[in-house]
Protein chains: 2
Amino acid sequence: MSGRPKIFDDQEVLSKAADVFWRQGYEATSTEDLLEAMGIGKGSFYLAFKGGKKELYERALALRSDQAMARFRRELDAADDPVEYIREFFRRVAHSTRAKHQNGCIFGNAVAELSNIENPMMKRAATHLQGLEALFLDALLRGKKQGTLHSKLEPAVLARLLLNNWNGLGITRRIYPDNDALSELIETQLKVLD
Amino acid sequence: MSGRPKIFDDQEVLSKAADVFWRQGYEATSTEDLLEAMGIGKGSFYLAFKGGKKELYERALALRSDQAMARFRRELDAADDPVEYIREFFRRVAHSTRAKHQNGCIFGNAVAELSNIENPMMKRAATHLQGLEALFLDALLRGKKQGTLHSKLEPAVLARLLLNNWNGLGITRRIYPDNDALSELIETQLKVLD
DNA sequence: TTTATTATGTACCAAATAGTACAAAATAAT
DNA sequence: ATTATTTTGTACTATTTGGTACATAATAAA
């Protein structure tokens, strides 16, 4: 081993690439765009990511997925009231910048863009969203147990409902990138949890 | 006037182009794809659509928007119970083929794909969805007047909620392209109208 | 200091792409 | 029939694209 030292960190450039993909989508992003954002040259890039743009996208999405799931899991476990944590999760959407609103949900974007052109990649994004739904369900079941969830609806159905609300927000926030309007929408949606 | 007769109808080829865009999105669709689907050659294409792929996309989307709005308006006006018509509108989602599920909503797709790369085009799609929301609102107000809508929520908020549910379904139906599962989700969502 | 090893930057390439130019074809009007 | 007009099909082009080849640089180990 040894050899010339790398001038970049895989995680870091993956994160930068993820941001570009998030903003522009998969097809609209050129490798040139990515190289510039990552701050590395072609030589380094194709050595580190032999699969090119496709591998980069997969790994960038996987990174974001792991990060998002870990954060949700961690914060949920630390929360006294799991149902209230779900509320906070949704309310965070209404505390974003306009630029963030325009990006939507990176996984929803992947599902929308790739379902008919890169099915395996779309499925990975879908799996993440199913994982989010599973976390919703976990929170709801705990809420039910500790009595903070009063809804008579089946928790599984409720979790699916929350996932759909989330998916919807990824689009709606771009049509109405206004925190007040989004807040009203979100608070109304959350009534289903009472 | 006169000259060599056209071998195609604008509306027809626009419709065929719309189908391709719907399946693949804007960026992933090449002009070659479009020409093949439309069944015309380059000469005819660039004569009829001087703006190329971009103009084609705009006009294809405009066509679908006009069609969808006209149908909704017509069927809503013909409905005895406008709230029940909204229910039917949503329930139709759960009577689709797998292929249709994978396409999602053409306008939601446009918003998702283009918000950061073709903002004016994204805005047209957004305007359509706002138009859909306006039709929801119209139906809800009529329902309120004739007593078929009992919800205590403000109709405007309810309409926004329905739009978000619609936007969500455009993603969720691709994650769960199963009519039974979607039906359960939709019926639960529609309870907000009772 | 030499060698083995790994990373970097650049020059290069083949394929695909959107779009143009234009000659030929098909019609209506004269 | 000739002409004016519009459409069609094809050949061509310039650009962009993702990706490769490879010489060079920078390090650790021997």
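Naming: A, B, ... by sequence-line order, numbering from 1 per chain.
As rounded to whole Å, 13 Å separates atom P of C/dA21 from atom OH of B/Y46. Between B/K42 atom NZ and D/dT13 atom P the separation is 14 Å, expressed in whole Å. The NZ-P distance, from B/K6 to C/dA26, rounds to 18 Å in whole Å. Spacing between atom CD of A/E27 and atom P of C/dA16 amounts to 15 Å, rounded to whole angstrom units. If you take CD1 of B/I40 and C1' of D/dT10, they are 15 Å apart, rounded to a whole angstrom. Protein atom CE of B/M38 is 15 Å distant from nucleotide atom C1' of D/dG9, rounded to whole Å.
Note: B/F89 and B/W166 meet the aromatic proximity criterion, with ring centroids under 6.0 Å apart. A/F90 and A/F136 have their aromatic ring centers within a separation under 6.0 angstrom.
Residue-level contact check: B/F49 touches neither bases nor backbone, having no heavy atom under 4.0 Å from any strand. Contacts of A/F8 with the nucleic acid, taken as non-hydrogen atoms under 4.0 Å apart, involve only primed sugar atoms and P, OP1 or OP2. Backbone-only engagement by A/I7 is indicated by non-hydrogen atom pairs under 4.0 Å involving sugar-phosphate atoms exclusively.
Within the model, atoms OH of A/Y176 and CG of A/L185 stand 10.0 Å from one another, a figure rounded to the nearest 0.5 Å.
The side chain of B/T31 places an N or O atom within less than 4.0 Å of a non-bridging phosphate oxygen (OP1 or OP2) of C/dA18.
Closest of all the heavy-atom pairs between B/A68 and B/H128 is CB-CE1, 4.0 Å.
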